[in-house]
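Here is the structure we will look at.
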There are 2 protein chains.
Amino acid sequence: MNIGEIARRAGVSRSTVSYALSGKRPVSDETRAKIQRVIDELGYRPNASARALANGRTSTIGLVFPPAGNHYTGMQLDFIGSVVEAAAAYDYDVLLSPSGVDSDRSFQRLLGERRVDGAILMEIRLEDDRVDHLAALDFPSVAIGRTAHPENGWWVGLDHTALVEACVHHLADLGHRRVAFVNRPEQLLRAGYESAHRGLDGFTKAAAERGLTVRTYCCGDDAASGQACLERILHDDPATTALVTLNEAALGGLYRGLAQAGRHVPRDFSVTGVVAGRWAETVTPQLTAADVPAEEMGRRAVDLLVERLDHPDASPRHHLLAPPISLRASTGPVLGTF
Amino acid sequence: MNIGEIARRAGVSRSTVSYALSGKRPVSDETRAKIQRVIDELGYRPNASARALANGRTSTIGLVFPPAGNHYTGMQLDFIGSVVEAAAAYDYDVLLSPSGVDSDRSFQRLLGERRVDGAILMEIRLEDDRVDHLAALDFPSVAIGRTAHPENGWWVGLDHTALVEACVHHLADLGHRRVAFVNRPEQLLRAGYESAHRGLDGFTKAAAERGLTVRTYCCGDDAASGQACLERILHDDPATTALVTLNEAALGGLYRGLAQAGRHVPRDFSVTGVVAGRWAETVTPQLTAADVPAEEMGRRAVDLLVERLDHPDASPRHHLLAPPISLRASTGPVLGTF
DNA sequence: ACCGGTCGTCGAACCGGTTCGGTGAAGTGA
DNA sequence: TCACTTCACCGAACCGGTTCGACGACCGGT
């Protein structure tokens, strides 16, 4: 069941079997056929650990994301799915690693023990010790998201600032003057999560440009928090007519809060934000949103990583995406404005 | 950066370093301290591939699920998250493998190349070639779901039959007489997906017991399909007053279809089904449902797998779960019945 | 008949760990 | 003083692949 057994049965040496399989040196047609016959007969497949040891590559990439206490969002699911699928196309396996910081045990396993050839990082923070650590080691990695200093990095990011700005302008164009912003949970904002910060920046900036009256909120990643958050919004300023959210998991709760407050969407209240398209379509009315192209982002991250693995000296590349707003049914003009 | 380097710097042999680390043979305190100092200084961590090759274990488990063309459901996400977290607690990594059948390339990588010590299978079919294949090889694995012949297997399953029966009885108790069943997509039913079949069985059986008039539907795993399915239901029998669904991803679309048909939930129409609790709470009104304990199932699957890995001769164990229905807000009595 | 080159194959070393058998030094008892 | 343990460590073999250098067989050219 190992290469020596194959060699013995085929009457050749181990190295010949290896060359027949890899094609790195010529082997006569006759010998190759004999070897192939034995391999097929026994269903032999070379041991991955031995191969990894010998040539220093594991053909595995690590997908690193913080342990969220099982509060994964739909967007993260889409990332994971697309990364796995794209990696499979390049003959890479994907090792999942729940890891918060670089001193993390799980992180050390991946890197220190050389379980993976490269890594894809999710849930990036503006100051991210994992990114810094990997950069210092020159370890092949690609971030889904970008830090505050993205110049010399490999990443595929989303222009949250521009996307949220677009959402605000869209609402302002519709006549909304009092708008709320529903962000990711407060601990994530404090931890410096990129999307939370850049989104907030974009919101603040665009709201100032348009002279809107705004309030900003942090909200837990679940429906109950969304509902509570909406109640707070209407309590703080009952004249609020619209909100922008980055918080996909809270969306259902926000909608419920509006329904219970008797506000009809979009007639009495407009909702928009930055959400993966597939999930924007599950709510009623369907969410007008900047659709996060999660599938594309995952795929591109893998493309970049593979390129980096194949060309260790290539200079950093990245993609900054800014998809347009998809107009669906959750926003409308303020009543009496037109 | 390898064990030889550590040995040289500490002035001992490679085997002594190995024993100092593993503790499998006594090492003097003095020597151990010296070795530890060198290790800390250099930040040494033993190479995982070499270790795997030497002791025949990779400390990795495979998580196998069919490639869904990125149509992963929230429930699958919960499974993945809980498996990763539970595995980390046992010091196992998780390798993700999108794989449909046992002849699959990805499946062959996992098993044939010995990349993993054991596997957890998701999305089980009643006749599942992957399960049979693994059983024939006596390869350590645990299924999340059970085949038609689950007697001698390792699995953690959900009693879909009983759960759907409970849903039907709940509706019948409320006075509903014309009920629809919304199943997973037709190709999954045809492929023999366990939940689709057992759920359907439970529905048919309970409906017969209660003398209900029923129709059953297959529905794609997305919101648009859910909406279309609901339109079909009301077109086929406008007198339908309730539905039971297994299809989590279609739920939002079903609700939208009802809203657009002017049917208020739960006043005019009741909705229930089998859905992971976290997702049942995102819709409004919140879904009365048999909550799939995805987190518990993932955790238990890992527990079983680790037990099987530690005790190769242990006899098969399994868990069949049947959580009670969580009464929320999506079901109610038929108007005029009481 | 001899030389040089090409082709196909082999043996040995190596990747970085683990583990078995053995060995020298120190300790114990008669 | 000597035989017998025990202790702490070492060297070598092994896990299952890959790869390098070498070597014999065969070929064509003089």
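In what follows, chains are A, B, ... by sequence order, proteins preceding strands, each numbered from 1.
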First of B:Lys24 and A:Glu30 reached from the 5' end of DNA chain C, by closest nucleotide: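 This one resolves to A:Glu30.
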Could you tell me the separation between the [atom1] atom of [X] and the [atom2] atom of [N], rounded to a whole number of Å?
X       : N      : atom1 : atom2 : answer
B:Ile3  : C:dT19 : CD1   : C1'   : 12 Å
A:Arg32 : C:dC7  : CZ    : P     : 14 Å
A:Ile6  : D:dG16 : CD1   : C1'   : 12 Å
B:Arg57 : D:dG16 : CZ    : P     : 16 Å
A:Met1  : D:dC15 : CE    : P     : 12 Å
B:Ile39 : C:dG17 : CD1   : P     : 10 Å
A:Glu5  : D:dC15 : CD    : C1'   : 15 Å

Does any N or O donor sit under 3.5 Å from an N or O acceptor when you compare the side chain of [X] with the base of [N]?
X       : N      : result
A:Arg25 : D:dG21 : yes
B:Tyr19 : D:dC7  : no
B:Arg14 : D:dG11 : no

Closest to side chain of A:Ser13, choosing from D:dC10, C:dG8, C:dC10: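 Nearest to the side chain of A:Ser13 among the choices is C:dC10.
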Taking the side chain of B:Asn2 as its heavy atoms from C-beta onward, which of C:dC10, C:dG17, D:dG16 lies nearest to it? C:dG17
Answer yes or no: are there more than 12 heavy-atom neighbours, outside B:Glu151 itself, under 6.0 Å from its atom CD? yes
Within the structure shown, what part of the strands sits under 4.0 Å from A:Ser28 by heavy-atom distance: base, sugar-phosphate, or nothing? sugar-phosphate
Do any of residues 44-55 of chain A sit with a heavy atom less than 4.0 Å from DNA chain C, and if so which? A:Leu53, A:Ala54
Please assess A:Phe79 against A:Ile120 for the test side-chain contact (heavy atoms from CB on, under 4.5 Å), listing each intermediate value before the final yes or no. CA-CA 10 Å; A:Phe79 283 139; A:Ile120 291 179; over 6 Å; no
With a 3.5 Å cut-off and sequence neighbours excluded, list the donor-acceptor pairs that the side chains of residues 108-115 of chain B form with protein atoms.
{"unit_1": "B:Gln108", "atom_1": "NE2", "unit_2": "B:Asp102", "atom_2": "O", "d": "3.1"}
{"unit_1": "B:Arg109", "atom_1": "NE", "unit_2": "A:Asp93", "atom_2": "OD1", "d": "3.3"}
{"unit_1": "B:Arg109", "atom_1": "NE", "unit_2": "A:Asp93", "atom_2": "OD2", "d": "3.3"}
{"unit_1": "B:Arg109", "atom_1": "NH1", "unit_2": "A:Asp91", "atom_2": "O", "d": "3.1"}
{"unit_1": "B:Arg109", "atom_1": "NH1", "unit_2": "A:Asp91", "atom_2": "OD1", "d": "3.3"}
{"unit_1": "B:Arg109", "atom_1": "NH2", "unit_2": "A:Asp91", "atom_2": "O", "d": "3.2"}
{"unit_1": "B:Arg109", "atom_1": "NH2", "unit_2": "A:Asp93", "atom_2": "OD2", "d": "3.4"}
{"unit_1": "B:Glu113", "atom_1": "OE1", "unit_2": "B:Arg115", "atom_2": "NE", "d": "3.3"}
{"unit_1": "B:Glu113", "atom_1": "OE1", "unit_2": "B:Arg115", "atom_2": "NH2", "d": "2.6"}
{"unit_1": "B:Glu113", "atom_1": "OE2", "unit_2": "A:Arg45", "atom_2": "NH1", "d": "3.4"}
{"unit_1": "B:Arg115", "atom_1": "NE", "unit_2": "A:Asp93", "atom_2": "OD2", "d": "3.3"}
{"unit_1": "B:Arg115", "atom_1": "NH1", "unit_2": "A:Thr58", "atom_2": "O", "d": "3.3"}

dist B:Leu77:CG -> A:Met75:CE (nearest 0.5 Å) comes out at 12.0 Å
Roughly how far apart are B:Trp155 CH2 and B:Ile144 CD1, rounded to 0.5 Å? 12.5 Å
Phosphate contact (D:dT18 OP1 or OP2) by A:Ser18 side-chain N/O below 4.0 Å: yes
After noting the C-alpha distance and the side-chain angles of B:Arg37 and B:Glu41, does the key distance pass the salt bridge (Lys or Arg N to Asp or Glu O under 4.0 Å) rule? CA-CA 6 Å; B:Arg37 208 175 314 125; B:Glu41 199 173 302; over 6 Å; no
Within the distance-only criterion (no hydrogens, no angle test), does the side chain of A:Gln76 pair as donor or acceptor with the backbone N or O of A:Thr73 below 3.5 angstrom? yes
